[in-house]
Amino acid sequence: MRPANAAAAPARVLVFTRTTGWRHDSIPVAVATLRELAQDQGLEVVHSEDPASFTSRNLAGFRAVLFASTTGDVLDEGQQAAMEAFVRDGGGFMGVHAAADTEYDWPWYGELVGARFAGHPPGLQTSRVRVAERHAIDADRGGWQVTDEFYNFRDDPRPQVEVLATLTGSDFVGGTMGDDHPIAWCRGFDGGRSWYTGLGHDVRVWSDPVFRRHLARGLRYATGAADAC
């Protein structure tokens, strides 16, 4: 739990979308969707691409920081230190898609996210997404089919995280993580909370009602509104 003065701060989430590498066309719709989902939970979204937002004083006003398809080197050493202090003080982190393709020279961040991007098969493909039973969000759909760009990761995050959802590797070409391919996970980390989904490349997936529920659950966990992720 964060200290009482932080808990009393406005219920705000910082959505950060700075890119110094590939820039996703889906970022504007991602920000709009996350703002809408946050408002449904009584949260205010502050959207920024300014790394100067990462000071201890500024971050103290937020419940969680969300990296939405950030890429490359987005924070300097002082800003990284502020982010680390924020999480160690009980703050939450939520990463979406290319958040795993960010800050390769910052070891702590790689542990925060849970796994780093290794590559992806070309184009968009379709896979069944299997959701862990205790995280079931697809019960009304009889199985969740997603068309998106699917990330392979450098390492299987399973030993360190709680896997929330996996792709069916046999459904698409170019997967390197077997038929039970982790694509979303969470864990308590370094005093705070971390939640990540590898989905979110394609603009159209942001209108998928199951994906929206998936993200809403991540927001609840990252902001401390729910213990279950």
Side-chain angles (χ1 to χ4, degrees), residues 15-27 30 65-75 80 83-84 87 93-132 135 144-190 192-206 208 211 214-215 218 221-222 229:
V15 175
F16 189 56
T17 56
R18 186 183 185 202
T19 57
T20 62
W22 179 266
R23 186 166 184 88
H24 285 77
D25 293 340
S26 58
I27 285 176
V65 173
L66 198 161
F67 280 35
S69 285
T70 51
T71 56
D73 187 3
V74 294
L75 300 179
Q80 291 172 4
M83 180 63 182
E84 291 182 20
V87 171
F93 170 80
M94 184 170 168
V96 177
H97 195 56
D101 187 23
T102 300
E103 290 289 355
Y104 288 96
D105 295 327
W106 183 10
W108 181 91
Y109 179 81
E111 294 181 22
L112 175 71
V113 175
R116 291 193 183 278
F117 169 76
H120 61 77
L124 303 179
Q125 299 194 59
T126 300
S127 174
R128 291 164 289 169
V129 179
R130 296 192 295 264
V131 180
H135 304 287
W144 184 16
Q145 293 277 122
V146 172
T147 299
D148 204 7
E149 177 186 83
F150 298 138
Y151 277 5
N152 294 313
F153 299 96
R154 295 185 180 184
D155 298 294
D156 190 330
R158 285 183 185 280
Q160 290 81 38
V161 303
E162 180 179 355
V163 173
L164 308 178
T166 58
L167 301 175
T168 303
S170 58
D171 284 351
F172 63 98
V173 176
T176 63
M177 304 184 72
D179 202 41
D180 192 29
H181 182 132
I183 199 63
W185 53 79
C186 67
R187 67 164 166 168
F189 177 74
D190 206 11
R193 298 173 174 217
S194 174
W195 190 97
Y196 172 79
T197 181
L199 302 172
H201 171 88
D202 188 46
V203 169
R204 289 165 293 187
V205 78
W206 289 88
D208 182 321
F211 184 55
H214 179 58
L215 294 166
Y221 178 73
C229 56

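- Proximity of H214 to W144: side-chain heavy atoms (C-beta onward) are separated by under 4.5 Å at one or more points.
- Looking at V146 and V205, their side chains come closer than 4.5 Å, going by heavy atoms from C-beta outward.
- In this structure, OG1 in T168 is found 11.5 Å from CD1 in I183, a value given to the nearest 0.5 Å.
- Looking at residues two or more places apart in sequence or on another chain, you find a side chain to side chain donor-acceptor pair (under 3.5 Å) between H24 and H97, H201.
- For the residue pair D73 and E103, the shortest heavy atom distance occurs at OD1-OE2, 3.0 Å.
- The shortest side-chain heavy-atom distance between E111 and F189 falls under the 4.5 Å cut-off.
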Practice task
Let me see the working for F150 and L199 under side chain to side chain contact (heavy atoms under 4.5 Å, CB included), right down to the final yes or no.
Solution key: CA-CA 7 Å; F150 298 138; L199 302 172; 4.0 Å; yes
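- For the side chain to side chain donor-acceptor pair (under 3.5 Å) test, residues two or more places apart in sequence or in another chain that qualify with T102 are T70.
- The heavy-atom pair separating D155 from M177 by the smallest distance is O-CE, 3.9 Å.
- Here the shortest heavy-atom pairing between C186 and L164 reads SG-CD2, 3.7 Å.
- Under the side chain to side chain contact (heavy atoms under 4.5 Å, CB included) criterion, A115 pairs with F153, P157, W185, sequence neighbours left out.
- Nearest approach of C229 to W195, heavy atoms of both residues: O-NE1, 3.3 Å.
- Atom CZ of R154 is surrounded by more than 12 heavy atoms from other residues, nucleotides or ligands within 6.0 Å.
- Qualifying side chain to side chain donor-acceptor pair (under 3.5 Å) partners for S127, counting only residues two or more places apart in sequence or in other chains: none.
- Residues satisfying the side chain to side chain contact (heavy atoms under 4.5 Å, CB included) test with V173, not counting sequence neighbours, are Q125.
- Partners of R158 according to the side chain to side chain contact (heavy atoms under 4.5 Å, CB included) rule, which considers only residues two or more places apart in sequence or in another chain, are D156, V163, T166, D180, P182.
- For the pair Y109 and V74, the minimum side-chain heavy-atom distance is 4.5 Å or more.
- In terms of the salt bridge (charged side-chain N to carboxylate O under 4.0 Å, His left out) criterion, residue partners of E84 (sequence neighbours excluded) are, by chain and number, R88.
- Remark: Y221 engages no residue in a ring pair (Phe, Tyr, Trp, His ring centres under 6.0 Å) (not counting sequence neighbours).
- Using a distance-only test at 3.5 Å, with no hydrogens or angles considered, no donor-acceptor pair links the side chain of S69 to the main chain of I27.
- In D190, the CG atom is crowded: over 12 heavy atoms of neighbouring residues, nucleotides or ligands sit closer than 6.0 Å.
- With sequence neighbours left out, Y196 forms a side chain to side chain donor-acceptor pair (under 3.5 Å) with no residue at all.
- At a threshold of 4.5 Å between non-hydrogen side-chain atoms, the residues M83 and L112 count as touching.
- Contact check for V87 versus W108: side-chain heavy atoms found under the 4.5 Å cut-off.
- Within the 3.5 Å criterion, the main-chain N or O of A98 finds no donor-acceptor partner in the side chain of T71.
- Judged as a salt bridge (charged side-chain N to carboxylate O under 4.0 Å, His left out), and not counting sequence neighbours, the contacts of R23 are E49.
- Considering only residues two or more places apart in sequence or on other chains, D101 meets the salt bridge (charged side-chain N to carboxylate O under 4.0 Å, His left out) condition with none of them.
- The heavy-atom pair separating N152 from T176 by the smallest distance is OD1-N, 3.0 Å.
- Checked against ring pair (Phe, Tyr, Trp, His ring centres under 6.0 Å), F16 has the following partners two or more places apart in sequence or in another chain: F54, F67.
- Atom CG in L75 sits 7.5 Å away from atom CZ in R18 (nearest 0.5 Å).
- No donor-acceptor distance shorter than 3.5 angstrom exists from the side chain of D202 to the backbone of D148, with no hydrogens or angles considered.
- Shortest non-hydrogen contact noted between L124 and R204 is CD1-NH2, 3.4 Å.
- Atom OH of Y151 and atom OG1 of T197 lie 11.0 Å apart (nearest 0.5 Å).
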